[in-house]
2 protein chains.
Amino acid sequence: MKQRVTIDDVAKAAGVSKQTVSRAINDKGEIHPATKARILELVNTMGYRPSRLAQALNTQRTFMVGLVLQDITNPFFPEMARGVQDTALAHDYSALIVNTDEKAELELGLLNMLVAQGVDGLITFTHHAADEELTKFADTFRPMVLINRLYEHPNVNLLLIDNKKGAESAVDYLFSLGHRQIGMLSNAQIFPGQVRRVQGYKSALAKHGLPVREEYIEKESANLAGGYRAATSLLGQQPELTALFCYNDLMALGAIRACRDIGRRVPEDISIIGFDDIQLATMNSPALTSISVDKYELGRLAFKRLLALIEDPHRPVETIHMGVELVIRESTAPLNQT
Amino acid sequence: MKQRVTIDDVAKAAGVSKQTVSRAINDKGEIHPATKARILELVNTMGYRPSRLAQALNTQRTFMVGLVLQDITNPFFPEMARGVQDTALAHDYSALIVNTDEKAELELGLLNMLVAQGVDGLITFTHHAADEELTKFADTFRPMVLINRLYEHPNVNLLLIDNKKGAESAVDYLFSLGHRQIGMLSNAQIFPGQVRRVQGYKSALAKHGLPVREEYIEKESANLAGGYRAATSLLGQQPELTALFCYNDLMALGAIRACRDIGRRVPEDISIIGFDDIQLATMNSPALTSISVDKYELGRLAFKRLLALIEDPHRPVETIHMGVELVIRESTAPLNQT
DNA sequence: TTGAAAGCGCTAACAA
DNA sequence: TTGTTAGCGCTTTCAA
């Protein structure tokens, strides 16, 4: 069985005090170069690794950040998580990833668990906890980056995806293709008024002088199966629709499959557009037209921002916006005039 | 700014020693029910949460396990990670997920980082570190569950997917459909002799009296783009192939897309079969025939096994096998006799 | 340039 | 049933 080698072991072996060893490994304080070299040598041969636990207990820094995600199963999140992780690792941090499974009850518990675990900061991408609960939490925990959620708190840094703009450009594009009956598959898990992708959809319709009809919006879980169900049901009730804007790519992919099963060709009979631009959308047949979000960059930015906040607790929070971009592929086509 | 409430604060407030508080929160040792109730009450109102850090330093238990994955971007891994996490959470553990990006150099470093972080155990699903390095590591760190890799060490518990059997049943099925020219898209990142999915492919061919031809095996990265490239290249050189068995679903999906782009219809002109049965494979057009692995269960089992090892350090390691199952969908069809 | 003492927040062992 | 004393492995004083 392994017996951890501690700083004392190294100190004894080097014939110095553990304080000196500490100085050597942390590059801190005055220390004779020769002594330092000798100690570093020993550290290597003995395979000594300082216990982060013990360090953390002193410094109150664990070099861990928490990453709270709503659904690690949606490829959007792993891509973003890599952005966080890679950046974190490059700064000698590690990330504790947890999944809320879109359950509000879990969210606060998980947050508190991460705090108990001693994380130095938190990145969250969820929208289930109520604002008041979040506030109660944020009041006692400072460095926190909230992604893709409108919320205000002096301790919470915002990182917002341009959802509304993205939704608008999706609808604009469909409109330019000649589509006039445009439906939307939305996310049932979010409080309706808060979905900026729906707001963008509505405002774009209005801008083009098209009526905004609630019966054109179908709400479901924002995943493959949800998209499948939503499309089946919506197209069953509103067969006149010639285009569908979907809350995310997973829903769009599910919708495309549903169309195939009910005999509607994509894009000949109906155009479908997603949001997120996950990798898989590229390889689908037809390849998915989508609103692209740079997920890796999103993760990178979130960590960078969090790190700044951790390193300087007095730095004020700010709101960062992340642009999006329409990527045209095969699932959209000009309106078929027949 | 928040000032952590410590056990001393609670003890003072309750007018007892911190030891008593410790007893109350940990349900350990004799304690008067009334005292306990009073303390617990205080714990609640004061919002006290024991520092896992401090606890860990004493007990040498962090209640964290490390989960080392090769590519969090492949949907296989998030699904499995959820199995690990959910189970871990249910046992009051949390999981530190890290991604090796299939880089051998990173793997050992990450492993050591997790150890420094104080994880109680390790679950790894990678195959890049050399056996000797792994051994050197395993010699000093005990509770470890290795998934899907053949390796022997008294400290390492194995959890093996029935790759060979799965590959065989894939080829058997293609054979039963009448296919005789069956190619394979394999994983270039693994040392060739070690790929049991290839071994199964070969042995099944041999069983049916078909020749095993190395030029029918194309090696590439085991992802969408790799599958796309591999299929394009293989079918370009060996146009007589009527079926493709792929290392995983991602490659299969890429291959299907490649077929579409070179004008080969799936499954009319060519049958394609994957491995893993990721969710997305269901919604693809055509839906993918695949060898199904219960990923969530795999994660659950891995954690359960690790926990047993953590709780009883003297428990001997064992090798667990995980079955697979052929799931027939739309990407395979009887050989087209023309 | 180095070392000794104290303490981070908690639990284990023993004593009362 | 409760409190006291140590100590986990490190860093932070402060003194030498």
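Here is how names work: the chains are called A, B, and so on, in the same order as the sequence lines, proteins then strands, and each is numbered from 1.
With DNA chain D read from its 5' end, the first of the two nearest nucleotides for Thr20(B) and Gln60(B) is the one closest to Thr20(B).
A salt bridge between Lys103(B) and Asp71(B) is absent, with no side-chain N of the basic residue lying under 4.0 Å from a carboxylate O of the acidic one.
Counting to the nearest Å, the C1' atom of dG9(D) and the CG atom of Leu57(B) are 6 Å from each other. Remark: P of dC8(C) and CG of Asp9(B) are 11 Å apart, rounded to the nearest angstrom. Nucleotide dC10(D) holds its C1' atom 16 Å from the CZ atom of Arg61(A), rounded to whole Å. Between the CZ atom of Phe63(A) and the C1' atom of dC10(D) there is a distance of 13 Å, rounded to whole Å. Going from atom CD1 of Ile31(B) over to atom P of dT2(D) covers 6 Å, rounded to whole Å. Rounded to an integer number of Å, the gap from Gln117(B) CD to dG9(D) P is 17 Å.
Rounded to 10°, the angle separating the first-five-pair axis and the last-five-pair axis of the helix from dT1(C)-dA16(D) to dA16(C)-dT1(D) equals 40°.
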Inset, instruction - Indicate for each nucleotide in nucleotides 10-16 of chain C, in 5' to 3' sequence, whether protein heavy atoms under 4.0 Å reach the base (B), only the sugar-phosphate (S), or nothing (-). - result: BBBB---
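In this view, Leu57(B) and Leu53(A), Ala54(A), Leu57(A) satisfy the side-chain contact (heavy atoms from CB on, under 4.5 Å) rule, not counting sequence neighbours. Contacts of Ala24(B) classified as side-chain contact (heavy atoms from CB on, under 4.5 Å), with partners at least two apart in sequence or in another chain: Ile31(B), Lys36(B), Ile39(B), Leu40(B). Residues passing the side chain to side chain donor-acceptor pair (under 3.5 Å) test with Asn99(A), sequence neighbours excluded: none. Evaluation of the side-chain contact (heavy atoms from CB on, under 4.5 Å) rule for Gln60(B) yields no partner, not counting sequence neighbours. Considering only residues two or more places apart in sequence or on other chains, Arg300(A) meets the side-chain contact (heavy atoms from CB on, under 4.5 Å) condition with Thr87(A), Glu297(A), Lys304(A). Residues satisfying the side chain to side chain donor-acceptor pair (under 3.5 Å) test with Thr319(B), not counting sequence neighbours, are none.
Listed by first and then second residue, the ring pair (Phe, Tyr, Trp, His ring centres under 6.0 Å) pairs involving residues 29-88 of chain B are Phe63(B)-Tyr93(B), Phe76(B)-Phe125(B), Phe77(B)-Phe125(B) (not counting sequence neighbours).
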